[in-house]
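See below for the structure under consideration.
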Amino acid sequence: MAVSLDELNLLAELTKQRDNRLSKDELLGKQYEGAHRLEHIGLAVPPELRRFEMIANWNRVCVDSVEQRQRVKTFILPGEDKGSAVLREHWDANNLDSESRLLHRDKLIYGRGFVTVGTNEEDKDHPLITVESPLELTAMVDPRSRRISAALRLYGGTEDAPDPVYATLYLPNSTVWLEKKAGGWAEWDRDDHKLGRVPIVMFLNRRRTGVWSGESEMTDVIPLVDAAARSLTGLQLAAETIIVPKRYVLGMSKGDFVDSAGKPLPVWEAYFGSLWANANKDAKVGQLDGADLTMFHKTVEHYAQLAASVTGLPTRYFGQTSVNPAAEGAIRADESRLVLNVEAKNDSDGDGWAWVQGIAERFRTGAWPLANQIKTEWHDPGTPTFAQKADALQKMHGGGPIVSREGSWDELGWSDARKDRERQYFQDEAQDPYLARLTAKESADVVADVTGGGE
């Protein structure tokens, strides 16, 4: 089937947008993996010694330290005060506890991530929610509505022929599947869903007004990682060449390196024996000390401190540790910038996940919910200090409680499923006949004490 001229124009524009970003995205992926090659001027490290390159992959530290603290807790529908069981079903049915981590990681690496929502042919009650690769998918955004007006996914290339051979064009009322033929792109399927909007949500990292591409979380630390890697590479070379002390001997001649029969000694026998223990009274033996590598250590430590300053991560995340582990309170203070950074990202990503759930509800019910009013709740991104928190909650729940039992569970970060189990445990205990007899006996003992034992 023929593709319309407007659709071809969108296809060309989105393809160009994707191609313009591809080389940068591929480099960001290598930098996250620590697999990129360093740039050298060739003085300290000749080309033949590039095998000694060593990278301290702080890029991965910056990404994973944030991503590991982004854990969705529950979703609350407008007008409700507790987590929605229906939205939690959408989440669980698509394994989003694990899949959401892929989205958060992609967004932090490339500056953007995508989630698509569609009909689930195998389970109509639970729409299909899929995390898509930003290397394959690109989108255009309407700046007024701040929604995606069109999106394109290119895929199907191989290692030998990397150019994509399949495409999916997402439009507000249609989804078009295309295949590359000899004469260009040809349509092979279409779904006129009449949804009224593109069923894709884009997540942006470090979003700025009017900019719809996002920025990698590694941007500030990449130059420092490369600088530290050059120092570490120099350290590797020094360890191989100038760190071992060199010994020398003066005043010896060829005749000093023969055995009792007058034959020349093997080289290693001469080096380890006769060279240093000889009968030549004119010989002078000495040693040149190996190079001091402290400057390399201090340089790397300096770069680690700079990396901590620009990322907000504690210096211990970059290998700068003390002898004694920090106390819980000190850890919380040390991670304050990291926690604030994660909370800011949770605010933005929470809106995105709310829209994902809104589109899923549209597919399930046929009606649009107030998706922008769905609230996403997250687990506490701070380092868990369970003992302190539990102790504080116990005191607040004690005499003259300030926090209810349910509120205490919320503060402890328990999920709705865990709360349901605890409620069932309390109910089972209340109905347990053995506990009931114990309670009755305790009540009788109290009455007996008050009445003087019934006398």
Residues in side-chain hydrogen bond (donor to acceptor under 3.5 Å, both in side chains) contact with [X], at least two apart in sequence or another chain:
X    : value
E26  : none
E422 : R418
Q17  : T138

(request) Would you give the length of the straight line joining atom CZ of R421 to atom CZ of R423, rounded to the nearest 0.5 angstrom? (result)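 If we round to the nearest 0.5 Å, R421:CZ and R423:CZ are 11.5 Å apart.
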
(request) To the nearest 0.5 angstrom, please state how far the CD atom of E67 sits from the NE2 atom of H104. (result)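 Spacing of CD (E67) from NE2 (H104) equals 8.0 Å.
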
Got [X] and [Y] here, is their nearest side-chain heavy-atom distance under 4.5 Å?
X    : Y    : answer
M218 : V225 : no
E7   : L178 : no
L235 : M54  : no
Y303 : T299 : yes
V211 : L204 : no
H36  : D226 : yes
I374 : L77  : yes
S213 : R21  : yes

(message) Exactly one of Y32, F318, Y317 should register a ring-ring contact (aromatic ring centres under 6.0 Å, His included) with W58. Which one does?
(response)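 In the set Y32, F318, Y317, the residue that makes a ring-ring contact (aromatic ring centres under 6.0 Å, His included) with W58 is F318.
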
Is [X] reaching over with its side chain to a backbone N or O of [Y], donor-acceptor style, under 3.5 angstrom?
X    : Y    : answer
E215 : R206 : no
D191 : S174 : no
N94  : P127 : yes
S98  : N95  : yes
T376 : F75  : no
R337 : S309 : yes
N20  : K16  : yes
T219 : S216 : yes
D334 : P314 : no

Can you pull out every ring pair (Phe, Tyr, Trp, His ring centres under 6.0 Å) where at least one residue sits in [range]? Sequence neighbours excluded, please.
range            : value
residues 133-152 : none
residues 191-221 : F203-W353
residues 142-166 : Y155-Y166

Salt-bridge criterion met for [X] and [Y] (N-O under 4.0 Å):
X    : Y    : value
E335 : R316 : yes
D163 : K180 : no
D97  : R88  : yes
K82  : E80  : no

(request) Quickly, which of D25, D106, N205 forms a side-chain hydrogen bond (donor to acceptor under 3.5 Å, both in side chains) with R112? Name it, please. (result)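 For R112, the side-chain hydrogen bond (donor to acceptor under 3.5 Å, both in side chains) check succeeds only for D25.
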
Does [X] [atom1] have over 12 foreign heavy atoms under 6.0 Å away?
X    : atom1 : answer
Q424 : CD    : yes
E377 : CD    : yes
H297 : NE2   : yes

(request) Walk me through it: do I222 and L28 pass the test side-chain contact (heavy atoms from CB on, under 4.5 Å)? (result) CA-CA 9 Å; I222 285 173; L28 287 171; 4.1 Å; yes

(message) For T15 and D19: C-alpha separation, side-chain torsions, deciding distance, then whether side-chain contact (heavy atoms from CB on, under 4.5 Å) applies.
(response) CA-CA 6 Å; T15 300; D19 292 343; 3.7 Å; yes

(request) Begin with the C-alpha distance, continue with both residues' side-chain angles, and end with the deciding distance and a verdict on side-chain contact (heavy atoms from CB on, under 4.5 Å) for I55 and L232. (result) CA-CA 7 Å; I55 294 177; L232 289 171; over 6 Å; no

(request) Could you go through the salt bridge (charged side-chain N to carboxylate O under 4.0 Å, His left out) check for R364 and E361 one step at a time? (result) CA-CA 5 Å; R364 187 181 72 89; E361 277 294 274; 2.8 Å; yes

(message) Under the side chain to side chain contact (heavy atoms under 4.5 Å, CB included) test against V115, which residue among V356, L137, I359, L102 passes?
(response) V356

(message) Any donor-acceptor pair under 3.5 Å linking the side-chain atoms of H126 with those of E89?
(response)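 Side-chain D/A pair, E89 to H126: present.
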
(message) Distance alone, cut at 3.5 Å: any donor-acceptor contact between the side chains of S4 and D6?
(response)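 D6 and S4 do not have a side-chain donor-acceptor pair below 3.5 Å.
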
(message) Between R69 and W378, is the side-chain contact (heavy atoms from CB on, under 4.5 Å) condition met? List the steps.
(response) CA-CA 9 Å; R69 294 169 183 260; W378 301 79; over 6 Å; no

(request) Check the pair T158 / D160 against side-chain hydrogen bond (donor to acceptor under 3.5 Å, both in side chains), numbers first and verdict last. (result) CA-CA 5 Å; T158 63; D160 296 330; 5.5 Å; no

